[in-house]
2 protein chains.
Amino acid sequence: MRDLANALGIEAASIYSHIRSKEEILQRVCFRMAEEFFGAIEAVKDENASATEQLKRAISAHVQVLTRNTEASAVFLQEWRHLSEPFHTEFLALRDRYESYFREIIRQGIAKGEFQVPDEKFAVLTILSGLNWIHTWYKPDGKMKPAEIAENLSAMLLNGLKTNLN
Amino acid sequence: MRDLANALGIEAASIYSHIRSKEEILQRVCFRMAEEFFGAIEAVKDENASATEQLKRAISAHVQVLTRNTEASAVFLQEWRHLSEPFHTEFLALRDRYESYFREIIRQGIAKGEFQVPDEKFAVLTILSGLNWIHTWYKPDGKMKPAEIAENLSAMLLNGLKTNLN
DNA sequence: ATAACTTGCTAACGAACGTTAGGTTGTTTA
DNA sequence: TAAACAACCTAACGTTCGTTAGCAAGTTAT
């Protein structure tokens with residue numbers, strides 16, 4: 001709290017005019033980011049599109065959220081486990097629900113013959129690992145733009161999932 | 001320290017008969033795991049093998065280390081940033097050196113026409129993301145064995161990297 | 001047999017932490 | 001114009017934290 005206050009240019013005790021507790025800050029960051037992720041993925045949801053296209057869009061949506069909120073993303077990804085109950089359980093439920101979007105896309109891809117994956121859950125975990133690792137290296141002024149990141153990640157993952165590429 | 005002492009069944013103050021400081025525990029975990037990773041990847045290093053085979057072996061080696069040391073891996077991956085100087089800088093140098101093994105494999109793959117990747121560093125970061133995310137979900141008594149994890153991850157990543165599969 | 005050592009204990013320490021309480025000052029509202 | 005409010009301040013609090021110091025008891029070495 002003192003570090004945060006220093007960054008804000010006020011005293012730590014002053015922060016309590018704006019928030020109830022340190023835990024509330026963590027809750028807000030985590031649940032707000034979760035809302036961002038849900039909002040983004042629901043905005044690109046189109047079950048008429050091919051599974052390939054759906055996955056590309058989901059990846060792109062996720063990358064946009066991460067790269068637009070690099071600091072909140074870092075907190076979200078690294079600190080959620082410090083949430084107290086019942087927020088911790090609630091958070092895990094949200095995460096599972098978000099992951100189910102990806103699982104459904106993979107499932108459709110398998111059903112349509114677009115994808116060939118040995119294990120659906122594993123595929124989703126690996127996709128999300130690639131996505132959620134971005135915050136460890138991405139810099140707004142870095143070489144790769146968010147759209148390029150999404151494109152490259154999609155290309156790398158899809159060509160691995162695509163059945164008999166070419 | 002009190003949580004750790006409770007797990008050990010002794011008092012927190014007693015731990016200081018065995019270690020110099022809390023920071024020393026973190027250092028030992030981080031640098032010991034780094035040694036494990038280097039040892040494992042150097043043991044499978046074979047520049048005569050195809051880049052594909054080299055990558056499979058590197059992935060397998062990494063997975064073995066992670067799954068043999070699940071708790072240390074979690075500490076290693078999530079807490080390294082709390083290392084104090086000069087250990088923090090030293091650690092980053094080690095990490096970069098370890099990543100260079102993967103970069104070299106990717107580079108050879110590109111040179112030999114085995115791999116087609118838009119960005120070499122990005123490819124390595126994504127590979128390592130898939131590897132280092134394993135600790136978040138892997139359970140020794142889980143459905144997937146380490147060898148299967150390595151195989152699945154290799155299959156998923158390589159078929160994405162392999163130029164014109166089939 | 002005794003000294004040295006190891007590994008634990010209790011008690012306590014100084015520092016850091018999250019937060020509360022009361023006050024000040026400027027702003028807004030009645 | 002005065003009350004209410006907002007947002008900050010200082011001071012302090014109780015708790016938690018990492019760690020030290022001195023001691024006890026069992027083990028090992030001389």
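Hydrogens, waters and symmetry mates play no part in the numbers below; they use all other heavy atoms, side chains included. Numbered from 1 within each chain, the chains take letters A, B, ... in sequence-line order.
- One can place CD of A:E24 at 10 Å from P of C:dT19, the figure rounded to the nearest angstrom.
- Between the CG atom of B:N6 and the P atom of D:dC17 there is a distance of 11 Å, given to the nearest Å.
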Find every protein N or O atom lying less than 3.5 Å from an N or O atom of nucleotides 13-16 of chain C, and list the pairs.
none

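- When distances are taken from the side chain of A:S21 to each of C:dT19, D:dT10, C:dG8, the shortest belongs to C:dT19.
- In terms of the salt bridge (Lys or Arg N to Asp or Glu O under 4.0 Å) criterion, A:K139 has no residue partners (sequence neighbours excluded).
- Atom pair A:I15:CD1 and D:dA7:C1' shows a separation of 12 Å (rounding to whole Å applied).
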Verdict with supporting geometry, A:E99 and A:R97, salt bridge (charged side-chain N to carboxylate O under 4.0 Å, His left out)
CA-CA 5 Å; A:E99 290 178 6; A:R97 193 152 75 76; over 6 Å; no
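- For the pair A:H18 and D:dA6, the criterion of a side-chain N or O lying under 4.0 Å from OP1 or OP2 is not met.
- Sorted by first and then second residue, the ring-ring contact (aromatic ring centres under 6.0 Å, His included) pairs involving residues 3-29 of chain A (not counting sequence neighbours) form an empty list.
- Using a 3.5 Å distance cut-off with no hydrogens or angles, the side chains of B:Q78 and A:Q78 do not pair a donor with an acceptor.
- Seen from the ring of B:F115, B:R107 does not count as a face-on cation partner, given the 6.0 Å and 45° thresholds.
- Of the N and O atoms on the side chains of A:T89 and A:E85, at least one donor lies less than 3.5 Å from an acceptor on the other residue.
- The six-membered or imidazole ring of A:F76 lies near that of A:F91, with a centre-to-centre distance under 6.0 Å.
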Dump the pairs, protein N or O against N or O of nucleotides 20-29 of chain D, anything under 3.5 Å, distances to one decimal.
none

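- Rounded to whole Å, atom C1' of D:dT16 lies 16 Å from atom CG of B:L4.
- The side chain of B:E11 has C:dC9 as its nearest neighbour among C:dT19, D:dA7, C:dC9.
- Computed from coordinates, the A:M1 CE to D:dT15 C1' distance equals 16 Å when rounded to whole Å.
- In this view, A:D46 and A:R57 satisfy the salt bridge (Lys or Arg N to Asp or Glu O under 4.0 Å) rule, not counting sequence neighbours.
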What donor-acceptor contacts under 3.5 angstrom involve side-chain atoms of residues 61-68 of chain B, with partners at least two apart or in another chain?
residue : atom : partner : partner atom : Å
B:H62   : ND1  : B:Y98   : OH           : 2.6
B:H62   : NE2  : B:N132  : OD1          : 2.8
B:T67   : OG1  : B:V63   : O            : 2.7
B:T67   : OG1  : B:Q64   : O            : 3.4

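- Near DNA chain C, defined here as any heavy-atom distance below 4.0 Å, there are no residues from residues 76-84 of chain A.
- B:H82 is linked by a ring-ring contact (aromatic ring centres under 6.0 Å, His included) to nothing, counting only residues two or more places apart in sequence or in another chain.
- Residue pairs meeting the ring-ring contact (aromatic ring centres under 6.0 Å, His included) criterion with at least one partner in residues 132-156 of chain A, sequence neighbours excluded, are A:W137-B:F122.
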Hey, can you pull the donor-acceptor pairs under 3.5 Å for the side chains in residues 145-156 of chain B, sequence neighbours left out?
residue : atom : partner : partner atom : Å
B:E148  : OE1  : B:K145  : N            : 2.8
B:S154  : OG   : B:A150  : O            : 2.8

With both pairing distances under 3.5 angstrom for Watson-Crick or G-U wobble, and | for a partner in another strand, the correct string for DNA chain C is ||||||||||||||||||||||||||||||
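- For A:R28, the salt bridge (Lys or Arg N to Asp or Glu O under 4.0 Å) criterion is met by A:E24, not counting sequence neighbours.
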